[in-house]
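Contents: one structure, followed by commentary.
None of the values given here were measured: they were computed from a predicted structure. Every chain is numbered from 1 and lettered A, B, ... according to where its sequence line falls, protein lines coming before strand lines. Values below: every heavy atom of this structure, side chains too, minus hydrogens, waters and symmetry copies.
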Protein chains: 2
Amino acid sequence: MSARPANPHLANDILATTASLIEEVGPEGVTMRAVAERIGYSATTIYLYFENKERLLNEAVNRAFDWFADRLERAQDEALPAARIRQAARAYLDWGLDNPGMYRLMFEWGYLGDISPESVFARRASWRRSRSLIEFGVSQGTFRRDLDSAVAADLMWATCHGLTSLAISGRMFGNPGTVDATVVRERSAALADALVDTWLSDWTGPPRDL
Amino acid sequence: MSARPANPHLANDILATTASLIEEVGPEGVTMRAVAERIGYSATTIYLYFENKERLLNEAVNRAFDWFADRLERAQDEALPAARIRQAARAYLDWGLDNPGMYRLMFEWGYLGDISPESVFARRASWRRSRSLIEFGVSQGTFRRDLDSAVAADLMWATCHGLTSLAISGRMFGNPGTVDATVVRERSAALADALVDTWLSDWTGPPRDL
DNA sequence: TCCCGTACTTAACGCTGTTTAGTGACCTGC
DNA sequence: GCAGGTCACTAAACAGCGTTAAGTACGGGA
């Protein structure tokens, strides 16, 4: 590991293959031999590029965190604060439901190892963006004057995670496979919207526009 | 399995040992041989009582769901609706943080297998209790008139799960071990309280009593 | 005493992550 | 042109995993 073969291309292939296997067979189904076979090398070759399986998965997770943060950042083209925060929540849910295997590895296998400083930084940046967005909404009069932006941002993230996690494990709206995935997606999004609704200064009823 | 030895006491021991191992070494650290060694039998004996490891864990999970529902039900001695719903949220968080291994198995290993009809029923009952509690709060004037009790109950559960899950994996307030557990517990509880706060009809600021 | 069923164990299989000991191709120096 | 060394990779093995097949010890009835 410390002195890796001079073939960064292969390291990349290993990571990409690992990421696709994580989605195909779930984090627990990934084996060193399966990764190796798919890239056409022997299992021991992987150990020339990664110290062990944990490090390999950890690196895959760190890449995914960057990818995830990227997606959240991109989903910011709405003009008004409420619409924009809802857009961010939807982007969160969508990413998690599109990449359930990786999502579980990222957020539920915390004992795997600490995430990279870059990923921590990216996540903090996303959180700060949410927070300042909420603050902006408060200053614009969209959200209630008394809304604490830090608390609201924390709640937003925790709720998005809760919805995504429950949707993936099938513990909220029925088991996956038995319930239509798009229904789960819509109900989750509706609940995230509902959270934002409670922050509106002029909120007087069930979901509406803006 | 289908024709088990006439020793229900041993089946019980296996389940109890499995449950404690889940907490001690995490769900992924549990092995048939470890369970067997602890109860003083050989690993194959377990197969006389449970079809395989998945069924064993599944049964342990179902017991835990009952235990969890029990705890939530017990935490209902507060008189006023807002205090009582907060109490339920705290009981939820506390149970999860007291039993992180089992909690992960229950809510994050959804692919393990469907939970038992009894557990599904118990969870639905808990959810309905939350909902009617919120409805009662609305009728009492504690919560905003326009609050949808079904949506609020869903949000409460999703948020409690999100907070618990993030607290366990260390993805919200820092990695476990590096951050004081009681701090994580308090911050999670404060956020759950904040969610309830937004439902209050006379809510005009940061956390207060009731 | 023989027999049978019950409760349990031993030994093995194929899988896993990981380590040790190579193998073969290529580059360098003479 | 060829020895020596390095670099990228592999084959074989180890311990541990879930699981199965075969076997053992014992107790009760005929």
*What is the distance from CE of B/Met32 to P of C/dG14, rounded to the nearest Å?*
20 Å

*Can you check the B/Lys53 NZ to C/dC15 C1' distance for me, whole Å?*
13 Å

_Between B/Arg123 and A/Arg171 (side chain of the first, backbone of the second, donor and acceptor by atom type, cut-off under 3.5 Å), is there such a pair?_
yes

*Which whole-number value in Å describes the distance from A/Leu57 CG to C/dT16 C1'?*
14 Å

_Any A/Ser42 side-chain N or O less than 4.0 Å from OP1/OP2 of D/dC9_ = no

_Quick check on C/dA7: is either OP1 or OP2 less than 4.0 Å from any side-chain nitrogen or oxygen of B/Tyr41?_
no

*So what does B/Val35 touch, heavy atoms closer than 4.0 Å: a base, only the sugar-phosphate, or nothing?*
nothing

*Side-chain N or O of A/Tyr47 less than 4.0 angstrom from OP1 or OP2 on D/dT10?*
no

*To the nearest angstrom, how far is A/Phe50 atom CZ from D/dC9 atom C1'?*
16 Å

*Nearest-Å distance, CD (B/Glu28) to P (D/dG16)?*
19 Å

_Between P on D/dA15 and CG on A/Asn52, what's the gap in Å once rounded to a whole number?_
20 Å

*Return the value, rounded to whole Å, for the distance between atom CG of B/Leu10 and atom P of C/dT6.*
17 Å

*Mind checking whether B/Phe68 and B/Trp157 have parallel, tilted or perpendicular rings, split at 30° and 60°?*
perpendicular

*OP1 or OP2 of C/dT9 less than 4.0 angstrom from a side-chain nitrogen or oxygen of B/Thr45, does that happen here?*
yes

_Single hit among A/Leu93, A/Asp94, A/Asp180 for side chain to side chain contact (heavy atoms under 4.5 Å, CB included) with A/Arg185_ = A/Asp94

*asked:* If the threshold is 4.0 Å, N to carboxylate O, is there a salt bridge linking A/Arg38 and A/Glu24?
replied: yes

*Nearest of D/dC17, D/dT10, D/dT19 to any side-chain atom of A/Leu48?*
D/dT10

*Does a sphere of radius 6.0 Å around CZ in A/Arg63 hold more than 12 heavy atoms from other residues, nucleotides or ligands, not counting ones at 6.0 Å or beyond?*
yes

*Under 4.0 Å between any heavy atoms, over every strand shown, what does A/Thr44 touch: base, sugar-phosphate, or nothing? Just pick one.*
base

*Is there a donor on the side chain of A/Arg33 or the base of C/dG17 sitting less than 3.5 Å from an acceptor on the other?*
yes

_For atom NE2 of A/His9 and atom P of D/dA8, their distance in whole Å_ = 14 Å

